[in-house]
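Remarks on the structure that follows.
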Amino acid sequence: MTSRAAEQRWIAWQTVDSGRLVLYVVGAVLVLAALARTAMDVRLVSVAIGFGLFIAFGELLRLQLPGGREAAPIAMSAALAYAMASLVELATGPKTMSIPPLQVVAVAALGMILGALPHVAAGRVPELTGMARRLVTVAFVAFIFHPLIERGLLAHRWVEFAAMAVMVTLAWLLESVISAVIRADDLRARLPIMLADELRVQWRLGLAVGVSAIITVFGAEVMGIYELIVFAGPLLVIQFAFRRYAGIRATYLQTVRALAQVTEVGGYVETGHSRRVSRIALAVGRELGMSEPDLIDLEYAALMHDIGQLSLIEPIPGGATVLVSSADARRIAEFGAEVIRQTGVLDNVAELVRCQWLPATGGLTTPPLASRVIRAVNAFDDLVGGSADRDRVAAAIDRLRLASEVEYDPRVVDALAAVTGRLRLSRL
Amino acid sequence: MGRLSLTAWLYLGAIVTAAGVILAQQPGAAAAPRWWGIYVALALLFLICDSAPTPLAARQSAWSPSSAATLAAVVFLGGVGAAMVGAVAVLSLRRRVPLSERLFNGAMYAVAGYCAGLAYHAAGGQPRIPATGLVAALTGARVGIPVTQMFGSLLVPFAAAAIAHVVVNHGLLWLMLLLDRRSRAAAHRTMPASSIPVLLASDFGLASLGLVIAALWTVTGAFAALLVLVPLYVARWAMGQFAEQQKAHSDTLAALVQAVETKDLYTRGHSERVSRGARMIARQIGIRADRLEAVTFAGMLHDVGKLGVPTKVLQKDGALTEEEYAAIQLHPMRGLEIIRDIGFLNEALTGIMHHHERMDGRGYPMGFAGDEIPEFARIIAVADAFDSMTSTRSYRQARRISEAVAELRRGAGSQFDPKIVAAFVTALSRDGWQLPEPIRRHGHEIVTSQDHDDPTAPLWVVESL
């Protein structure tokens, strides 16, 4: 167990790429500068402790969202609120002041580290990337907002509200851009598509975080630090809703992945076939610039593309559908689509599975892109199997190319060649 | 209308009368000048929250953030004002709500709001119109320090009010569900008792939004109500997505399991019926909500490994060789292999792996006995055998339910856990059992000649020498 955790940690460090590296360096510089500066002079200590603890609490409750995303909405909204708060200094008479940006960074960083400690103690890899992303975003907000408050530009309530609304929107955009850069590196996908996905998937949570930050700022003006305690209740309920949503999404995918294996256990298909096809198909889909909702459908369809073989009384030798007649392939595809349609919710996926036997062009209808991907990747895996042998991979790709444009979409085959050249097939 | 029982009608009358008495009073804050503005804004907020409840499985457990508006009214307007806000539930924009339910909801929220006001007062809180309202907010006037101190001292009274609201609200609702048999049956089907603490906690969490609204009000006026609606909308979206995905998940599971079963004419629908039986037993013995879900899935998936048993072994008519018997005995392990990676199924895995163990230790694959057998496995074993006996097989007709129950009782102690059998028999007499459709053979379907689940006809194995 420990060796596995250590290995995970090692892999995590192995995959540090340029985007991450820049983010880590910026984050580290910010934290060091902030700690050095703040150690000399902390303003409003009790408020700092309150927000710091709240950020730690939010970081402890970080979320895993669909698509392998990580978020800590409670910590983020508290940190943004701390950066934007204009507080009333009691000691020197009623005077509106803002927290110095470096103090905001220091408090947010200490809170995040404190909140991450239990995760590390439990043997989980710390989400350094997520923490650095949040920290840089918070610093960005603090550095812009602080002078605005100090110069008294936000004295009017509605100006303050408008400024905060613009600020949280910018923060959301910045966070999305950082996430998209990192994901584009991780998934070898194109940045604009990743950014569009990020904005589309995250806008609701971003909205909730931003508005919660504004509510916290206004509320804290009246309730002081009590606001954090009172607002924690609703925030927890909202977070709970997201956690359950993310949980069921993950479970759903796991279930489909698992049950797609029934064809393997039944001896219809070679072991690992559906998973390999789905992973390669995903990578090809990304290479072709498909968006996230389309990729989810593609993944489900790829996992279940052979479910129709259950209708066969005797399994095909080796399960290789590349070798069967097109009449049989059609029957398998249609039976599989029928099974999937029974679910009542996966009609898109059923359609993709139904069209997988169609040749890429020349038919009456052109099958959807995802179906063309599945057709090519399925044929590729039938030819190569789990093998990572370079010559075999190259031979298989050549064979798909030679099978003429009618059979396999040349764009898909090109993408497949690019993907297989890049991915380490042994890990597929 | 007219579908309520007499006692339920009487109860409804009593609650409505109580609400009438409360609403006949003059609100304590009525003297204040901006009273109506605040009331209308909060009532609107209440109506919006109440009209767009989250689509949860059970309507009774609908997740309503409307209590936040009532509790904000407690802070500003006192108990009677809160009752007036709650009474707005009568006007709910939800469609197809019968008049009796509208009346009940309005009266219930009114009484709960009033009780929250009483608790608030008892804990030392004074309802107060905010120092600055919409006008001051529009002119950008800043609120001074006294307000801060005021809100600090409000924490304890507000907590008392929130607790009172949650308790009274759920108490009144619970009593109604108890009196109204129709909705009681519905609640029994959809909401296990074990999910109540989560529900109460989340209601309390949402109720505390009332104080946030009150605080924001002193800064931004009625705009506060608009601001809090945003995170609530997002939460509602997430809850709705959860419900949708959960349904999609179980539908997908059912469809895939059905696809596996189509191979065999006689076992069609078996998994779904075993799943239903396992759920009945689990409910009867009273297990946690998440475990109830897990055992339902385990029942659904218990035979998925049968696909790994060669078709010719399943179809074999006559004695099995030891090798063939071993192949059949392997199916729980094969099932385990398939679903091992489904994260939430941890406990279900043990149930699937051991569903052919026997209390006397002569089962397979491990030969566990008594309490060594996981609870889920003991539950599935009973439901599994019962459905097998009450289904038609190629070698016999379906048995009657009474015969199958007698057979379960005979096996209690040796094959089955007597406690589980007793729970199943009780649940059976209450909920009944839906028998499988009669079998019509067309001649070309695959048919199994022996059933490994049938306790009355054990597999016929020839020992090789």
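Each chain gets a letter, A, B and so on, in the order the sequences are listed, and its residues count up from 1.
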What part of B:Ile213 gets closer than 4.5 Å to chain A, counting heavy atoms only: side chain, backbone, both or neither? neither
Report the C-alpha separation of B:Glu347 and B:Arg291 in whole Å, then their side-chain angles, then the decisive distance to 0.1 Å, and conclude whether the salt bridge (Lys or Arg N to Asp or Glu O under 4.0 Å) test is met. CA-CA 8 Å; B:Glu347 198 181 358; B:Arg291 294 185 69 214; 2.7 Å; yes
Heavy-atom distance under 4.5 Å to chain A: side chain of B:Leu216, backbone, both or neither? side chain
If we define contacts as heavy-atom pairs under 4.5 Å, which of A:Pro234, A:Gly308, A:Gly233, A:Ala258 has the most with chain B? A:Pro234
Centroid-centroid distance, A:Phe161 to B:Phe223, less than 6.0 Å: yes
Pairs of heavy atoms under 4.5 Å with chain A: top-ranked of B:Gly305, B:Ser250, B:Ala224, B:Pro231: B:Pro231
Where do A:His273 and A:His305 land on the side-chain hydrogen bond (donor to acceptor under 3.5 Å, both in side chains) test, with the steps shown first? CA-CA 10 Å; A:His273 172 69; A:His305 75 276; 3.2 Å; yes
Okay, B:Ala254 and chain A: the region with an atom under 4.5 Å from a heavy atom over there is neither
Measure A:Phe240 against the heavy atoms of chain B and call it side chain, backbone, both or neither at under 4.5 Å. side chain
Residues 201-217 of chain A, side-chain donor-acceptor partners within the protein, below 3.5 Å, at least two apart:
from     : atom 1 : to       : atom 2 : distance (Å)
A:Ser212 : OG     : A:Ala208 : O      : 2.6
A:Thr216 : OG1    : A:Ser212 : O      : 2.6

Test A:Tyr245 against B:Trp237 for ring-ring contact (aromatic ring centres under 6.0 Å, His included), laying out the working first. CA-CA 10 Å; A:Tyr245 160 59; B:Trp237 175 83; 5.3 Å; yes
Taking the ring of B:Phe297 and the ring of B:His249, is the distance between their centroids below 6.0 Å? yes
Side chain / backbone / both / neither for B:Tyr233 at chain A, heavy atoms under 4.5 Å: side chain
Has the side chain of A:Arg243 got a donor or acceptor atom that lies under 3.5 Å from a matching backbone atom of A:Leu61? yes
For chain B, the option from A:Arg249, A:Glu338, A:Gln342, A:Met304 that forms the most heavy-atom pairs under 4.5 Å: A:Arg249
Among B:Val304, B:Asp251, B:Thr252, who wins on heavy-atom pairs under 4.5 Å with chain A? B:Thr252
